[in-house]
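One structure is given here, and the rest of the page talks about it.
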Amino acid sequence: MKINFAPWNVPCSRRLQTAAVLQWVFSFLGLEPLCLSISTLIISNSITFCHYNSYFSSQLVKTADLDPRHNYVFGFHPHGVLVAGAFTNFCTYATGFPQLFPGLTSYLLMLPLWFRAPFFRDYIMLAGLIPSDQESASYPLHCKGGGNAVVIAVGGAPEALDAHPGTYNVVLAKKKGFIKMAMKHGAHLVPVFSFGENEVFDQVGNPRGTWLRWTQERLQNIMGISLPLFHARGIFQYSFGLMPYRKPIYTVVGRPIRVEKNNKPTAMELDDLHQLYMDELSNLFEEHKAKYGVDDDIHLNFV
């Protein structure tokens, strides 16, 4: 059969019309199988995430039982550059969260702007991420019967700018929103410290007061996300690139702090619980730092 090709001089408008109708036909005949294939690929990510976890040799360390009849607010520290430890432990479950804490389902909070991108939003929601706005973050804590753990990287975007190897700066001194949320819902607070989180990337020096840090903080205030200038290794070489280093991450889950439901806490009640949380986080760090290679004279620096 002779093939009758379209001539090269077909007007651009007609080619655009053809492309539009091609998209329409594909939406009926090819889009469903494509979406099914993508969904299958996402589901098979459980195997991928096992390899992801092995890359970092990540470990989730339990220090106390958590009663699944309660809801919890996990405070995750430090944020690091890309929150690698939080994603590994509380989204992929590759380190055994369901086995260590049976009956609990974890939900990692992420900035709402990431949920505005079609398809990417669905991908991260499949991984158990939810927006960090007040309504979305509080929803799992509304559920009666317990069994939900909302995980908050408390330091957020500003803390990422302090994510240098060997540093232990925690942006927490004025962070009380997650404390108030826990009190409102009677959710127990759980401090979590991720040793090695700041070691998997290098970052261009940006001490407070420098022009670079000033620029980064201004951009963070405008966009809601920080822009740490990080680097590490490449895919096939070890000298430069955006791949993280193969360094272990040990995420230690502390003892729960009992919180009574209080819809309208006074400033003093809020401050007292916030101070108790900081004390418990500091104690958690001190108890475990030697085991994970932190020098004895290093302590948490609350910013």
Taking only Lys NZ, Arg NE, NH1 and NH2, and the carboxylate oxygens of Asp or Glu, determine whether Arg255 and Glu287 approach each other closer than 4.0 Å.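 Yes, Arg255 and Glu287 are salt-bridged.
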Does a side-chain N-to-carboxylate-O contact under 4.0 Å join Arg208 and Asp162?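 Salt bridge present between Arg208 and Asp162.
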Mind checking whether [X] and [Y] have side chains closer than 4.5 Å, heavy atoms only?
X: Val253; Y: Val190; answer: yes
X: Asp202; Y: Phe230; answer: no
X: Leu100; Y: Leu60; answer: yes
X: Thr95; Y: Gln59; answer: no
X: Met110; Y: Ile124; answer: yes
X: Asn301; Y: Val170; answer: no
X: Leu281; Y: Leu300; answer: yes
X: Val192; Y: Val252; answer: no

To check you understand the geometry: which heavy-atom pair defines the closest contact between [X] and [Y], and what is its length?
X: Pro112; Y: Pro131; result: CA-CB, 4.3 Å
X: Ala86; Y: Leu108; result: CB-CD1, 4.0 Å
X: Ser57; Y: Pro248; result: O-CB, 4.1 Å
X: Ala84; Y: Tyr52; result: O-OH, 3.7 Å
X: Pro191; Y: Leu284; result: O-CD2, 3.6 Å
X: Val204; Y: His164; result: O-CE1, 3.4 Å

Let me see the working for Asp279 and Gln275 under side-chain hydrogen bond (donor to acceptor under 3.5 Å, both in side chains), right down to the final yes or no. CA-CA 6 Å; Asp279 292 342; Gln275 185 60 54; 3.0 Å; yes
Assign the ring pair [X] / [Y] to parallel, tilted or perpendicular, where the plane angle (0 to 90°) is split at 30° and 60°.
X: Tyr292; Y: Tyr250; result: parallel
X: His70; Y: His188; result: tilted
X: Phe97; Y: Phe101; result: tilted

What residue among Leu189, Val259, Asp272 forms side chain to side chain contact (heavy atoms under 4.5 Å, CB included) with Tyr277?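 Testing Tyr277 for a side chain to side chain contact (heavy atoms under 4.5 Å, CB included) against Leu189, Val259, Asp272 leaves exactly one candidate, Leu189.
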Is the backbone N or O of [Y] less than 3.5 Å from a side-chain atom of [X], with the two atoms forming a donor-acceptor pair by type?
X: Glu159; Y: Gly156; value: no
X: Tyr139; Y: Ile130; value: no
X: Ser136; Y: Ser132; value: no
X: Gln203; Y: Ala163; value: yes
X: Ser138; Y: Glu135; value: no
X: Glu260; Y: Met183; value: no
X: Asn206; Y: Arg213; value: no
X: Lys289; Y: Ile298; value: yes
X: Asn262; Y: Lys264; value: yes
X: His274; Y: Lys175; value: yes

Distance under 6.0 Å and angle within 45° of ring axis: Lys247 vs Tyr245: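 Because its charged atom sits under 6.0 Å from the ring centre and within 45° of the axis, Lys247 does stack over Tyr245.
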Is the distance between the ring centroids of Phe285 and Tyr168 less than 6.0 Å?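 For Phe285 and Tyr168, the ring centres are under 6.0 Å apart.
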Check: Phe193 ring centre within less than 6.0 Å of Phe195 ring centre: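 Yes; Phe195 has its ring centre under 6.0 Å from that of Phe193.
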Mind checking the [atom1]-[atom2] spacing from [X] to [Y]? Nearest 0.5 Å is all I need.
X: Leu82; Y: Leu242; atom1: CG; atom2: CG; answer: 9.0 Å
X: Leu161; Y: Gln220; atom1: CG; atom2: CD; answer: 7.0 Å
X: Lys180; Y: Glu269; atom1: NZ; atom2: CD; answer: 12.0 Å
X: Ile249; Y: Asn53; atom1: CD1; atom2: CG; answer: 9.0 Å
X: Gln216; Y: Ser226; atom1: CD; atom2: OG; answer: 7.5 Å
X: Ile152; Y: His77; atom1: CD1; atom2: NE2; answer: 9.0 Å

Apply side-chain contact (heavy atoms from CB on, under 4.5 Å) to Leu66 and Phe74, showing your working. CA-CA 11 Å; Leu66 298 180; Phe74 284 25; 3.5 Å; yes
Is Val81 linked to Leu219 within one hydrophobic cluster, defined over Ile, Leu, Val, Met, Phe, Trp and Tyr using a side-chain heavy-atom separation of less than 4.5 Å?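 Yes, because Val81 and Leu219 connect within a single hydrophobic cluster, where side-chain heavy atoms sit under 4.5 Å apart.
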Walk me through it: do Phe87 and Thr92 pass the test side-chain contact (heavy atoms from CB on, under 4.5 Å)? CA-CA 7 Å; Phe87 182 78; Thr92 73; 3.5 Å; yes
Check whether the side chains of Tyr93 and Ser106 place a donor and an acceptor atom closer than 3.5 Å, and report yes or no.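 Side-chain D/A pair, Tyr93 to Ser106: present.
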Verify whether one side chain among Thr251 and Asn89 offers a donor that lies under 3.5 Å from an acceptor in the other.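 Yes - a donor-acceptor pair under 3.5 Å links their side chains.
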